[in-house]
Peer 1: 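Have a look at the structure that comes next, please.
Side chains included, hydrogens not; waters and symmetry mates left out as well; all remaining heavy atoms used. Chain naming here is simple, since letters A, B, ... match the order of the sequence lines and numbering starts at 1 in each.
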Amino acid sequence: MSSYHFNDIEAKWQANWAKNNTFKAKNPSDSNAELPPSYYVLDMFPYPSGAGLHVGHPLGYIASDVYARYKRHKGFNVLHPMGYDSFGLPAEQYAIQTGQHPAETTKVNIEGGVDKSGKQIEGYRRQLDRIGFSFDWSREVRTSNPEYYKWTQWIFIQLFESWYDEKQDKARPISDLISIFSSEGNTTVQATCDANTESFTAEEWTNLSEAAQQKILLKYRLTYLAETEVNWCPQLGTVLANDEIVNGVSERGGYPVVRKKMKQWSMRITAYAQRLLDGLQTIDWPQPLKDSQTNWIGRSEGASVTFSVKDHDATIDVFTTRPDTIFGVSFMTLAPEHELVGEITSEAQQQAVNEYIEATAKRSERERMADVKTISGVFTGAYAIHPFSGKEIPIWIGDYVLAGYGTGAVMSVPCGDQRDYDFAKHFAIEIPNIFKGVDISEAAFADKENTIITNSDFLNDLSYKEATKKAIEALEAKGHGTGKINYRLRDAVFSRQRYWGEPFPVYYKNGLPQMIALEHLPLTLPEVEKYLPTEDGEPPLGRADVWAWDTKANKVVANTLVDDETVFPLELNTMPGWAGSSCYMFRYMDPNNSDALAATEAMRYWDSVDLYVGGSEHATGHLLYSRFWVKFLYDRGHLLVDEPIKKLINQGMILGESAFVHRVEGEHKLVSAGLANNYNTQPIHADVSLVNTSNELDVAAFKQWRTEFEDAEFITEGEGTFKVSREVEKMSKSKYNVVSPDEICDRYGADTLRMYEMFLGPLEQAKPWNTAGITGVHSFLKKLWKLYHNGANNSFQVTDKPASKDSLKTLHKTIKKVEEDIENFSFNTSVSTFMIAVNELGAQKCNSKEVLQPLLVLISPYAPHIAEELWNKLGHPESIATAQFPVFDEKHLVESSKEYPISFNGKMRFTLELPLDMSKDDIEAAVMAHEKTAHYLEGRSPKKVIVVPGKIVNIVG
RNA sequence: GCCUUGGUGGCGGAAUUGGUAGACGCGCUGGAUUCAAAAUCCAGUUCUUUCGAGAGUGUGGGUUCGAUUCCCACCCAAGGUACCA
């Protein structure tokens with residue numbers, strides 16, 4: 001073989017790797033000998049959609065693969081697995097449309113084939129294989145596989161069987177809590193629980209019925225049933241996510257959506273708020289990502305204050321970060337959903353309040369929050385009593401107060417908070433000023449630092465800090481409040497009214513949830529005839545005929561057998577998307593274990609993920625929930641670590657370059673982009689595959705694709721060429737700018753694709769894909785190939801002759817730079833470095849093995865196929881994958897002289913080669929003696945000459 | 001609004017702690033090779049220029065012998081988001 005036949009080479013080595021299990025990671029149980037140190041490189045696993053991969057998807061996988069391969073060269077036993085997050089909404093939507101079982105379409109999306117509607121699907125696995133990843137496929141997991149989701153169900157049960165002890169600051173078995181209740185009641189225990197939990201004594205507890213006890217325990221369990229507000233769409237009979245709602249109506253169909261309470265499973269993640277915050281200090285994640293988790297958890301310090309309500313028994317609790325401004329309160333605002341609203345509203349205000357509540361229910365939470373300008377609210381007719389002054393304070397409701405944050409009520413201090421200020425102005429409520437020497441006629445004064453309190457009784461003349469402390473002390477003394485830390489973080493709703501998700505291992509006995517024991521798991525998804533909600537609005541599992549739990553036989557039986565004695569109905573909701581992805585990193589450590597999530601021995605060896613690569617869009621979803629579950633399982637002794645991921649890198653998105661043809665407004669004419677300015681035009685997306693690298697449109701093909709333009713006039717420029725304009729957008733099918741990795745592999749090969757993706761720019765940054773530029777890296781690989789094929793007729797030829805000094809220098813500076821780059825995840829600069837090295841070695845006519853052999857190891861993480869082929873030709877029967885990484889030797893880079901830049905007033909004018917061991921004074925003398933120096937000084941005498949040996953000379957004057 | 005990231009040639013981007021701005025690649029220009037094309041190779045390519053030089057890393061200031069890099073203020077773009085009491 002004399003020229004670079006990438007297609008043959010790549011197919012050959014991919015087959016070879018698969019056959020020899022080259023990338024199978026060894027577990028301690030696989031070998032008696034001691035294993036090398038472990039290194040765990042993980043990618044966020046993909047959701048296998050029917051659209052297949054585009055060139056943006058593999059970016060992170062290529063980066064992590066380079067790193068994984070590098071670590072193997074460095075002697076590590078590398079775990080680099082891949083799997084599929086295969087439960088999810090698109091498969092379910094597709095099932096609704098086509099009637100195919102989501103399990104089938106998911107399988108086709110992964111493994112390839114033809115689906116029932118005749119669509120030919122390549123399959124994720126084959127697409128991934130073509131790129132030459134070093135994944136250990138023997139460890140593949142699929143979240144929709146029952147053997148996998150058995151463990152997701154198991155984790156759910158563990159959460160149900162646990163409570164959070166705030167004294168020990170960890171989760172404990174629920175049995176511990178039961179024994180505490182029977183010996184001391186619940187007054188001494190400090191546990192995270194529902195806000196409305198009443199206190200009881202040991203005696204009261206023991207006298208409660210079993211059902212009553214279970215109800216109380218549900219208020220403590222880390223997963224619990226609660227009434228939660230959801231976006232309910234009556235027409236669709238289903239719950240919608242925030243982003244499925246546009247302008248208050250459903251995206252699909254445009255039906256009205258209302259806020260409705262629904263009994264749902266929730267996760268008590270709030271118990272872990274502080275630890276999730278603290279844990280961020282211990283992990284090496286990008287600061288922006290840590291910031292968004294910090295903001296999401298939203299810790300704020302302040303006080304909880306209780307206001308009594310005039311003429312009612314009720315009290316209103318508020319949380320405030322400014323207890324120092326308590327004397328500035330001039331009204332209270334409750335969220336319209338606040339539970340007291342119905343109770344305290346006066347008869348006169350009843351109608352206005354009801355109308356307002358109804359109007360609010362129609363607006364989504366996101367809408368309410370996005371709309372900052374509209375001020376709305378209604379007076380309830382009720383008054384609260386100020387805890388210190390005893391003044392009556394009108395109670396309003398307003399939708400700027402959110403039911404889900406804090407207590408759903410605020411003490412409004414208009415002089416100190418802009419929203420309260422705007423509200424007060426709008427409704428002509430008084431705005432007492434409690435800040436000394438501050439003008440509040442135009443706006444509220446929110447500056448804490450420069451605050452001196454006045455008109456505030458015992459808080460007068462105090463600073464923010466002093467007043468806050470004193471106010472809290474006074475509140476505590478009066479029993480009207482206490483210092484408090486509040487978190488924005490809410491408990492996570494865990495129920496989904498969908499089919500294609502993990503079933504809950506739960507059945508209901510007298511309306512109370514019961515868990516199915518581990519030995520009977522997995523509880524597999526039942527068959528249904530349609531994937532839609534039932535006519536009475538129950539989730540799709542409500543359509544299953546065989547969906548009841550027989551507690552005697554311990555199996556799923558027909559619904560007709562339900563007798564509420566031994567056979568009970570099963571839960572109809574399924575788990576959300578993040579359930580299966582929260583702990584999958586541990587399953588890869590020991591994926592076929594049927595007794596545990598993973599064996600202790602395997603977990604001890606692999607520890608946690610050393611490097612995780614994925615998008616930043618998961619910052620507050622997946623990455624927060626995963627940390628929560630891991631901390632929980634750690635508390636309960638099921639995991640050995642309390643953080644799943646040591647280091648994380650976010651890869652940026654690869655954007656597409658959309659192509660636009662310009663249509664002349666109102667006419668059946670299309671005009672070439674260069675002439676578009678002469679017309680009033682409207683851009684229309686053209687498929688990028690119809691456009692060449694010079695932006696010229698294949699007009700005939702375009703006409704065939706968009707037949708409505710078949711007889712349109714095409715106004716061309718130059719010699720009959722019709723050009724499109726380009727714009728960078730997200731890569732997406734709907735924008736016709738998708739480039740598939742398969743077409744790149746066909747034309748240029750996987751090694752070119754891998755290198756080009758790395759070459760595009762810094763990993764973390766978003767960058768546009770431009771296929772035109774790929775020829776650069778492709779011809780680099782051809783040059784690399786040539787370096788080893790300079791014999792007669794371009795035959796393979798590498799000699800044992802010692803390399804020249806220059807070639808060794810090239811090699812070693814490349815080793816140094818590439819090693820630094822990989823360690824810093826600066827893959828784009830490595831590719832440049834390789835290009836420089838190959839250009840130099842080519843110019844040096846280097847063909848000695850001493851240099852060309854280590855060079856292959858350097859390149860192999862990036863372009864593994866060509867490296868394997870040449871490695872093999874060099875006479876190595878074994879794979880290059882575990883060859884030792886070349887060791888950098890400084891001695892080849894030692895220089896005796898330096899090309900000094902000589903600058904005048906900081907501007908470089910010329911260079912001068914001088915020995916590196918020359919003294920400062922001699923350098924100055926040499927520079928001053930140079931003829932060009934006089935020229936640039938133009939007769940001036942220098943004020944100062946700065947000489948930095950080995951760096952620069954700067955002449956000032 | 002807030003948070004985050006970024007702004008350098010025609011384009012993607014490079015510049016280790018403040019020390020030769022524009023590496024490397026694309027594109028473009030010219031040339032070689034070819035019947036021709038592709039491919040390959042060679043040279044050039046920040047802008048302005050009176051060919052001496054001058055300007056130049058979003059804008060305006062500052063620190064410094066020297067700033068893409070550090071500080072202050074501002075502008076623009078992208079992503080995220082929560083009216084958070």
Side-chain angles (χ1 to χ4, degrees), chain A residues 3 286-292 294-296 298 300 302 318-322 325 333 365-366 368-375 398-402 404-413 416-420 422-423 486-489 616-617 619-620 650 652-653 655 657 693-694 726 728 755-756 759-762 764-780 782-783 786 817 820 824 826 828-836 839 899-911 935 938 942-948 950-957:
Chain A
S3 61
Q287 195 55 41
L289 200 149
K290 287 189 184 183
D291 289 348
S292 61
T294 304
N295 293 338
W296 192 263
S300 53
V318 303
F319 172 75
T320 177
T321 52
R322 299 293 303 273
T325 64
T333 316
E365 193 169 319
R366 189 169 285 188
R368 274 168 66 175
M369 293 184 288
D371 181 11
V372 191
K373 293 194 180 73
T374 325
I375 296 163
D399 69 1
Y400 78 99
V401 178
L402 305 174
Y405 181 74
T407 59
V410 302
M411 59 175 228
S412 302
V413 182
D417 182 289
Q418 194 56 42
R419 287 157 302 154
D420 295 345
D422 294 341
F423 194 90
N486 195 52
Y487 297 93
R488 190 192 76 100
L489 185 71
S616 57
E617 66 273 20
T620 51
N650 287 131
M653 207 189 314
L655 305 163
E657 279 203 316
T693 51
S694 311
R726 295 277 195 166
V728 173
M755 283 213 128
Y756 188 52
F759 186 62
L760 277 178
E764 305 85 353
Q765 255 171 50
K767 51 221 165 248
W769 176 269
N770 178 7
T771 306
I774 204 169
T775 54
V777 284
H778 188 60
S779 50
F780 157 74
K782 283 197 269 190
K783 278 190 225 166
K786 252 195 195 157
K817 176 84 172 114
E820 281 169 4
N824 292 321
S826 175
N828 54 326
T829 49
S830 297
V831 180
S832 307
T833 305
F834 289 136
M835 288 174 171
I836 294 167
N839 287 345
E899 184 97 353
Y900 275 93
I902 314 299
S903 34
F904 292 77
N905 296 320
K907 202 87 195 155
M908 205 283 285
R909 295 305 177 181
F910 63 93
T911 60
H935 173 241
E938 291 168 336
K943 288 199 190 90
K944 205 170 172 189
V945 179
I946 311 255
V947 178
V948 184
K951 290 244 159 145
I952 200 169
V953 177
N954 189 21
I955 297 161
V956 188

Peer 1: Heavy atoms only, 4.0 Å cut-off, all strands: where does A/Val948 land among base, sugar-phosphate and nothing?
Peer 2: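 If one applies the 4.0 Å heavy-atom cut-off, A/Val948 turns out to touch a base.
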
Peer 1: Kindly point out which of B/rA15, B/rG27, B/rC24 is positioned nearest to the side chain of A/Thr775?
Peer 2: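 Selected nucleotide: B/rG27.
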
Peer 1: Which part of the nucleic acid, if any, lies within reach of A/Ser300 when heavy atoms closer than 4.0 Å are counted: base, sugar-phosphate only, or nothing?
Peer 2: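 Contact class for A/Ser300: sugar-phosphate only.
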
Peer 1: Using the C1' atom as the reference point in each nucleotide, state the distance between B/rU63 and B/rG13 in Å, no decimals.
Peer 2: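 One C1' to the other, the span is 30 Å.
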
Peer 1: Which nucleotide in the list B/rC65, B/rC41, B/rC26 gets nearest to the side chain of A/Ala772?
Peer 2: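 Taking heavy atoms from C-beta onward, the closest nucleotide is B/rC26.
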
Peer 1: Mind running side-chain hydrogen bond (donor to acceptor under 3.5 Å, both in side chains) on A/Tyr756 and A/Asn770 for me, showing each step along the way?
Peer 2: CA-CA 10 Å; A/Tyr756 188 52; A/Asn770 178 7; 5.5 Å; no

Peer 1: Taking atom P of B/rG19 as reference, at what distance in whole Å does atom CD1 of A/Ile902 sit?
Peer 2: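 Going from A/Ile902 (CD1) to B/rG19 (P), I get 17 Å.
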
Peer 1: Taking B/rU69 as the reference, what is the distance to B/rG61 when you measure between their P atoms (whole Å, please)?
Peer 2: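 Each nucleotide's P atom is 15 Å from the other's.
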
Peer 1: Which residue, A/Glu820 or A/Ile946, contacts RNA chain B at a nucleotide closer to its 5' end, judged by nearest heavy atom?
Peer 2: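 The residue mapped nearer the 5' terminus is A/Glu820.
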
Peer 1: Measuring only the C1' atom in each nucleotide, how far is B/rU45 from B/rC24? A whole number of Å is fine.
Peer 2: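 My reading of the C1' atoms in B/rU45 and B/rC24 gives 15 Å.
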
Peer 1: Looking at every strand, decide which applies to A/Asn954 at a 4.0 Å heavy-atom threshold: base, sugar-phosphate, or nothing.
Peer 2: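 The answer is base, as A/Asn954 lies within the cut-off (heavy atoms under 4.0 Å) of a base atom.
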
Peer 1: Using whole Å, what does the distance between atom P of nucleotide B/rA85 and atom CZ of A/Arg322 come to?
Peer 2: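 Spelled out: CZ on A/Arg322 to P on B/rA85 is 11 Å.
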
Peer 1: Side chain of A/Asn828: nearest nucleotide among B/rU40, B/rA82, B/rA14?
Peer 2: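 Looking only at side-chain atoms, A/Asn828 lies closest to B/rA14.
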
Peer 1: In whole Å, what separates the P atom of B/rA32 from that of B/rA77?
Peer 2: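 It works out to 49 Å between them.
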
Peer 1: According to the Watson-Crick and G-U wobble definition with distances under 3.5 Å, which dot-bracket string, read 5' to 3', encodes RNA chain B, using [ ] for crossing pairs and | for pairs with another strand?
Peer 2: (((((((..(((......[....)))((((((.......))))))(((....)))..(((((..]....))))))))))))....

Peer 1: Extract from the structure each pairing of a protein N or O with an N or O of nucleotides 2-12 of chain B at less than 3.5 Å, listing the distance.
Peer 2:
from, atom 1, to, atom 2, distance (Å)
B/rG12, O2', A/Leu760, O, 2.5

Peer 1: Within 90° of 0 counts as syn, otherwise anti: where does B/rG66 fall?
Peer 2: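 With its glycosidic angle more than 90° from zero, B/rG66 counts as anti.
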
Peer 1: Go nucleotide by nucleotide along RNA chain B from the 5' end; which of A/Ser903 and A/Ser616 gets its closest nucleotide reached first?
Peer 2: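 Whichever sits nearer the 5' end wins; that is A/Ser903.
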
